[in-house]
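Order of listing sets the numbers, starting from 1, for every ligand and every atom in it.
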Amino acid sequence: MVITTDNPKRPSDYLSFKPPYQRLEVAEVCPFCPGNEGITPKETFSLSHDGGWSVRVVPNKFPFFHIEGEFDRRPEGMYDVMEAIGAHEIAVEAREHDHRLATMDPTQIERILLAYRERLIDLERDRRFQQFLILKNYPGIFNRHPHSHILAMPIIPRRIDEEIWGTLDYYQRKERCIFCDIVKEEISMKKRVILESAHFLVFSPFASRFPFETWIVPKVHSPDFHHIQEEEMADLAIVIQSLFIRYYKLLADPPYSFTFHTSPVQSPFHRSEYHWHIETRLRIGLREGFEWGSGFFVNPTPPEEAAAYLREVE
Ligand SMILES: [Zn+2]
Ligand SMILES: [Zn+2]
Ligand SMILES: [Zn+2]
């Protein structure tokens, strides 16, 4: 990881960069628009509001992997193992095709969070699934209708596994949670904090790999996102809206991805020492070719500066 501090890049330096798919728009009928519900598989969850649905969750027609079949651990590697068994669902986040998190009412974001929580509670009953992953790419690569992915997997992906090992290692040495310590440290230093609410801290992590990378971390220790309480969900919805409107204004509606990292669910893999959180990453890299080729991440905007820009957005 490299953070360049000579001539750091400011928000305006990223504005000319748009990935090519941002210019594409699919011309076909949108399966997520109201009236086209028959095109998608039957929903696994929906919330009704004003005589229609407000959020729908449906199995993905073209999943990364599918739910049928018994999982047997084969030697072909992670991708083939995930092919064997897993659930992949799509949360359709709103009725409106052109809606986005930055301009959504926080009560709508709260409904999306509720949908995530209810699906994970349900999927947890299937003992084959060890790891959940919620993720979103904006804009969607194949469909612009606002949606996110809910994945349940029989194995723990390497990124999360590495984080868990880091957490356990720290716990063994200090008998404290590293995420709880980071939250305390960031609050006391202030310079990387973007915003703080009753239940969450939003900050640019120390040694960020990507420009404007941001973490949203609950201030009170909790390993599992799906054990979130109503009051925390309402607070998180406001925090998410506030962060994404800052990105929207500062960087002219940038493409982004976010993911929820939460503890594996089944014993013996569940880790009470782990601390769930959300990581967001803007897809505005200026030197992705170099990063791809070298494995070094070059971040031309130091996290302290990114946080200051995001904090000061009006
Ligand atoms: Zn649509
Ligand atoms: Zn913690
Ligand atoms: Zn993480």
Side-chain angles (χ1 to χ4, degrees), residues 1 24-40 43 52-58 61 90-100 104 108 131-136 138-148 151 156-187 199-210 213-225 227-228 232 257-264 270-281 297 303:
M1 228 299 303
L24 294 175
E25 180 60 275
V26 179
E28 297 162 26
V29 172
C30 172
F32 301 149
C33 273
N36 299 337
E37 291 83 357
I39 302 175
T40 63
E43 60 214 23
W53 54 267
S54 57
V55 176
R56 279 180 90 219
V57 183
V58 296
K61 261 194 161 170
I90 302 282
V92 183
E93 297 168 352
R95 299 173 68 81
E96 298 84 356
H97 190 84
D98 296 319
H99 232 4
R100 46 171 66 88
M104 250 179 225
Q108 183 63 20
Q131 182 70 56
F132 300 135
L133 205 59
I134 293 166
L135 52 96
K136 178 178 172 73
Y138 169 84
I141 294 166
F142 299 109
N143 190 328
R144 297 289 191 84
H145 198 114
H147 68 279
S148 35
L151 305 168
I156 301 163
R158 196 175 69 184
R159 267 262 301 128
I160 294 179
D161 198 42
E162 284 170 359
E163 265 191 22
I164 290 170
W165 281 107
T167 307
L168 294 179
D169 182 53
Y170 189 89
Y171 209 94
Q172 227 161 34
R173 285 183 287 122
K174 307 213 174 182
E175 293 186 350
R176 292 195 308 266
C177 162
I178 188 168
F179 287 93
C180 288
D181 276 6
I182 290 172
V183 165
K184 282 196 207 95
E185 176 82 3
E186 294 296 342
I187 289 173
H199 300 282
F200 293 90
L201 187 71
V202 183
F203 61 98
S204 305
F206 174 74
S208 312
R209 289 155 299 168
F210 309 105
E213 176 179 353
T214 302
W215 288 11
I216 302 174
V217 182
K219 284 155 71 175
V220 171
H221 187 81
S222 167
D224 309 291
F225 160 71
H227 294 159
I228 190 171
E232 295 165 322
S257 299
F258 69 66
T259 178
F260 286 48
H261 283 170
T262 184
S263 170
H270 181 262
R271 290 294 176 196
S272 57
E273 299 92 338
Y274 192 58
H275 191 130
W276 80 266
H277 56 278
I278 303 170
E279 299 186 12
T280 72
R281 173 194 164 183
F297 290 99

Gap separating the NE2 atom of His277 from the OG1 atom of Thr259, nearest 0.5 angstrom: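 Spacing of NE2 (His277) from OG1 (Thr259) equals 8.0 Å.
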Look up atom CZ in Phe210 and atom CZ in Arg281, then write down how far apart they are to the nearest 0.5 Å.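 One finds 4.0 Å between CZ of Phe210 and CZ of Arg281.
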Please walk me through it: do Val29 and Asn36 pass side chain to side chain contact (heavy atoms under 4.5 Å, CB included)? CA-CA 8 Å; Val29 172; Asn36 299 337; 3.2 Å; yes
Rounded to the nearest 10°, what angle sits at the Zn ion (ligand 1) between ND1 of His145 and SG of Cys30? 110°
Work out which heavy atom in Gln131 is nearest to a heavy atom in Thr262; give both atom names and the distance.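 Here Gln131 and Thr262 meet closest at NE2-O, 2.8 Å.
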At the Zn ion (ligand 2): angle between His275 atom ND1 and Cys180 atom SG, to 10 degrees: 110°
State the atom name: nearest N, O or S atom of Glu163 to the Zn ion (ligand 3).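 Result: OE2.
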I need the ND1(His261)-the Zn ion (ligand 3)-OE2(Glu279) angle, rounded to 10 degrees.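 Angle ND1(His261)-the Zn ion (ligand 3)-OE2(Glu279): 100°, rounded to 10°.
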Of the N, O or S atoms in His221, the one nearest the Zn ion (ligand 2):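 Restricting His221 to its N, O and S atoms, the minimum distance to the Zn ion (ligand 2) goes to ND1.
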What N/O/S atom of His97 gets nearest to the Zn ion (ligand 1)?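 Atom name of the closest N, O or S in His97: ND1.
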Mind checking whether His147 and Phe32 have parallel, tilted or perpendicular rings, split at 30° and 60°? tilted
